[in-house]
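Below: the structure, in structure tokens.
Computed from a prediction, not measured in an experiment: that's the story for all the values here.
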Amino acid sequence: YTLHAMKKTALILTAVLVLAALGAGIWYFFFRPIPVYHAEEILPSTTIALFQVSNVDQASQKWDQTPLGRIVQEPEVQAFWERPSRAIREKLSAAGGGQEIEFWLAPVRKILTRVHGEAFIGFLGYDVTPRLSLQIVAGFDAGKETKEAEKTIEEMTAEFRSRFPKGVREEKEHLGISYELWSPQSGVVICHGRLGNLFLFSTDELALQTAIELAKKSRDNSLKNDETFKRTLIQVDPLRDALLYVNPGQVFGKFAPLLAAIPQAGPGVKDLAAVKAVAASTRFEPSGTIDQLFVLVPEAGRPASFRIAAPWERKSLPLVSSKALFYGVTCFDIGKYWDATVASEAAAASPQFGKALAEFTQFLEMQNIHLRPDLIGKLGSEFAAQIIWGERDQLPQVFLMAESGDGAGLVATLDRFLTLMSAAAPGANPAGGPPLGPNMLEVEGKTIHWISLDADKGLGIYYVHLEPFVVFGFQGSDVTAYVNAVAKKQFEGFGANPVYKSASGSMPPSVNTFLYLDNKPLFEKFYNLAAPLAMLGATYLPDQNFVDISKLPKTQSISRHLSPSLSYQYIDAEGFHRLSSGPVPPETPFFLAGVTAGVVLPAYMESQKRAAAASQPPPPSPRPPGAPQAGVPVPAPAPQQVTPPTTNAPAAAP
């Protein structure tokens with residue numbers, strides 16, 4: 001009985017142990033928590049660059065709610081984009097190498113459908129000998145679609161192996177982590193494996209092994225623990241949806257000694273070496289994106305050209321309309337900047353710059369214009385620009401402002417300078433007449449000076465001293481009305497603008513650059529002008545399959561999503577800070593307008609040339625040189641007439 005009981009007990013214990021082991025195995029393989037890693041934990045501190053999206057699903061949902069996301073979803077916009085997108089795809093597929101590109105892009109698109117959490121690309125290093133090679137590690141979190149992601153990757157690798165049957169494939173393991181190494185041809189390596197929650201891909205086996213070692217704590221030099229990385233990231237948005245981090249020192253580390261030894265490299269190399277790191281963050285909000293940029297340039301090692309900055313004292317606010325569609329201001333001591341630039345160029349032994357500067361300075365001094373004291377020395381630290389575009393204005397009113405502690409002296413110097421420049425311009429002194437000098441008009445006790453550029457249209461360079469600025473304009477009637485409104489105190493300054501009032505409370509006092517753009521009215525103005533030109537330009541496109549101009553979206557379908565944008569920049573002991581918020585950065589519309597003009601205007605000019613050529617009569621039949629045309633008498637030469645120069649004064653003040 002005792003022996004039987006002992007056997008029974010042993011069997012029970014064995015069964016319990018087997019079940020416990022089986023349960024532990026099931027738990028280990030199916031229910032144990034998967035280690036969660038982030039890019040900064042598995043990339044080394046020597047990482048050159050990192051682009052990271054914190055949560056792809058969340059960022060995608062938030063992007064759809066941004067102004068640009070809502071514009072893209074507009075039916076009119078999608079209908080207009082349908083034809084050009086199809087035409088681009090057809091062109092790419094028909095072009096040489098199109099099928100090859102599609103072969104590599106197709107699996108990437110499949111993998112992107114499995115990305116649901118964090119995604120990143122890390123640039124770890126590079127080699128230039130014996131051939132250029134890049135060490136890149138990319139990874140993503142598939143969220144709840146882990147099995148689907150594994151299947152997609154298996155299908156992708158199978159396609160690659162069938163396409164390159166002579167490729168070398170190896171299954172390896174490092175610190176308990178399995179990964180696959182595949183080389184389709186000599187010198188090309190692709191590694192992939194799974195590390196906790198992350199699916200990793202790398203162009204370098206050593207880079208992938210480094211990521212595994214950092215995850216397993218066999219190394220402690222991760223990017224997360226790097227002081228430069230931590231010092232930089234604390235300056236950008238902690239609620240960011242995307243991050244870009246760059247370490248320029250790692251980029252130029254191999255070339256810095258060589259570049260520094262080249263005299264022609266100049267001080268720019270030293271200036272660049274002072275930049276320790278750069279970080280940029282983006283957060284998607286219904287009002288637009290919130291972008292922050294920080295450049296780590298510690299004050300102790302900052303070059304002179306990086307130290308020249310003055311805080312914005314907001315002196316231009318009373319002279320900028322509260323209804324301005326664009327207002328930009330920047331502050332720096334141009335005198336110190338000029339001196340530092342001249343000194344740095346002299347140190348770089350730049351003969352071309354030195355010779356050109358000396359010749360220009362000598363040319364001005366011959367006319368009693370001293371560049372440094374008379375022009376640069378009279379300028380203050382605040383420079384501003386505004387665009388006013390009322391509902392009844394056909395064209396925008398553009399005003400530029402330069403602060404001056406001696407506005408009257410600066411205007412007198414400008415008179416002499418512009419007189420000299422206008423006299424040197426081709427055709428400025430017709431028939432030996434006197435040079436065209438500045439004209440003057442009194443408006444409410446203020447004197448407007450101007451040089452005419454197009455008398456028929458009233459275009460020219462107009463400038464007036466409105467303490468403490470010298471204000472420049474380009475349309476006579478606009479300048480007259482502006483000066484009249486300021487003098488009569490019928491002008492509401494930009495300080496009353498609600499967007500500025502809301503933002504000014506959060507801006508630090510050291511802000512030295514501020515930009516404001518009212519996107520909706522400015523877009524409507526530009527779009528209503530550009531749309532007809534775009535339609536005309538589209539008719540001259542060589543391939544009409546690219547654009548269906550009849551489906552051009554209506555103005556309101558886009559503009560109703562747009563709100564104002566603003567940005568500001570400042571400098572502190574750590575480096576440069578920039579914050580931007582709104583549908584687009586304030587500079588973007590001007591960049592797009594320039595690109596559009598570069599595309600549309602050539603087509604418009606070509607149409608004008610064709611129309612002019614079509615309207616001309618056919619050329620006459622050739623005849624001997626010098627022979628008069630039959631039936632046409634030869635006229636006697638007419639005496640020359642001297643026409644005195646005329647001026648085009650601004651419109652009289654109302």
Side-chain angles (χ1 to χ4, degrees), residues 36-43 47 49-72 112 115-122 138-144 197-198 222-247 277-296 499-500 502-508 510-511 513-517 519 561-572 574-586 588:
V36 176
Y37 301 107
H38 300 286
E40 61 270 22
E41 298 170 342
I42 66 171
L43 296 181
T47 298
L50 166 66
F51 175 71
Q52 178 187 43
V53 179
S54 305
N55 188 306
V56 171
D57 284 346
Q58 179 178 309
S60 177
Q61 294 171 4
K62 293 174 66 177
W63 164 257
D64 290 340
Q65 301 304 315
T66 63
L68 293 182
R70 297 195 299 269
I71 289 173
V72 171
L112 289 178
V115 181
H116 296 287
E118 178 183 347
F120 70 91
I121 298 177
F140 70 91
D141 187 336
K144 297 180 180 180
N197 62 309
L198 296 176
S222 68
L223 188 61
K224 181 180 180 180
N225 297 327
D226 181 66
E227 290 300 323
T228 300
F229 182 76
K230 292 191 291 185
R231 190 174 172 183
T232 305
L233 253 66
I234 198 173
Q235 303 290 348
V236 294
D237 192 351
L239 302 177
R240 57 187 176 266
D241 291 304
L243 168 73
L244 175 65
Y245 170 78
V246 180
N247 189 332
V278 179
S281 65
T282 296
R283 173 159 43 106
F284 301 134
E285 296 291 341
S287 60
T289 59
I290 299 177
D291 304 314
Q292 287 186 249
L293 172 69
F294 174 68
V295 182
L296 178 62
V499 176
Y500 168 75
S502 174
S504 59
S506 61
M507 291 192 302
S510 55
V511 164
T513 297
F514 176 83
L515 298 174
Y516 164 84
L517 181 71
N519 289 286
H561 299 289
L562 299 177
S563 56
S565 299
L566 64 86
S567 68
Y568 58 83
Q569 173 185 304
Y570 63 95
I571 303 174
D572 61 13
E574 287 288 272
F576 293 83
H577 302 255
R578 174 185 167 87
L579 184 142
S580 176
S581 64
V584 294
T588 303

(request) Tell me, please, which residues at least two apart from S54 pass side chain to side chain donor-acceptor pair (under 3.5 Å). (result) none
(message) For a quick test of reading the model, state the closest non-hydrogen atom pair linking Y568 to S506 and the distance between them.
(response) OH-O, 4.0 Å
(request) Might you point out which heavy atoms bring A59 and F284 nearest each other, and give the distance in Å? (result) O-CD1, 3.6 Å
(request) Can you measure from OG (S281) to CD (Q235) and round to the nearest 0.5 angstrom? (result) 11.0 Å
(message) How long is the straight-line distance from OG1 of T228 back to CG of L233, given to the nearest 0.5 Å?
(response) 11.5 Å
(request) Given side-chain contact (heavy atoms from CB on, under 4.5 Å), test L566 with Y500 step by step and report yes or no. (result) CA-CA 9 Å; L566 64 86; Y500 168 75; over 6 Å; no
(request) Can you measure from OG (S580) to CD (Q569) and round to the nearest 0.5 angstrom? (result) 11.5 Å
(request) Under the side chain to side chain donor-acceptor pair (under 3.5 Å) rule, collect the residues that match up with D241, sequence neighbours excluded. (result) K62
(request) Give a yes or no on whether the backbone of S563 and the side-chain of N519 come within a donor-acceptor separation of less than 3.5 Å. (result) yes
(request) Could you tell me which non-hydrogen atom of T232 sits nearest to which non-hydrogen atom of V278, and how far apart they are? (result) CG2-C, 4.2 Å
(request) Kindly give the heavy-atom pair with the smallest separation between P583 and S565, and that separation in Å. (result) CD-OG, 3.3 Å
(request) Just jot down the side chain to side chain donor-acceptor pair (under 3.5 Å) partners of Q52, sequence neighbours excluded, or say none. (result) E40, E118
(message) Counting neighbours of CD1 on I290 that are heavy atoms of other residues, nucleotides or ligands and sit closer than 6.0 Å, is the number greater than 12?
(response) yes
(message) So, taking the atom named NE2 in H577 and the one named CG in L296, what distance separates them when rounded to the nearest 0.5 Å?
(response) 9.0 Å
(message) Tell me whether N197 contacts the main-chain N or O of Y37 through its side chain, where contact means a donor paired with an acceptor under 3.5 Å.
(response) yes
(request) Go through the steps to decide whether I42 and F120 satisfy the test side-chain contact (heavy atoms from CB on, under 4.5 Å), and finish with yes or no. (result) CA-CA 11 Å; I42 66 171; F120 70 91; 3.9 Å; yes
(request) Could you tell me which non-hydrogen atom of V36 sits nearest to which non-hydrogen atom of H38, and how far apart they are? (result) CG1-NE2, 4.1 Å
(request) Would you give the length of the straight line joining atom CG of N247 to atom CG of D226, rounded to the nearest 0.5 angstrom? (result) 7.5 Å
(message) Quick check for you: to the nearest 0.5 Å, what is the distance between S567 atom OG and Y516 atom OH?
(response) 13.0 Å
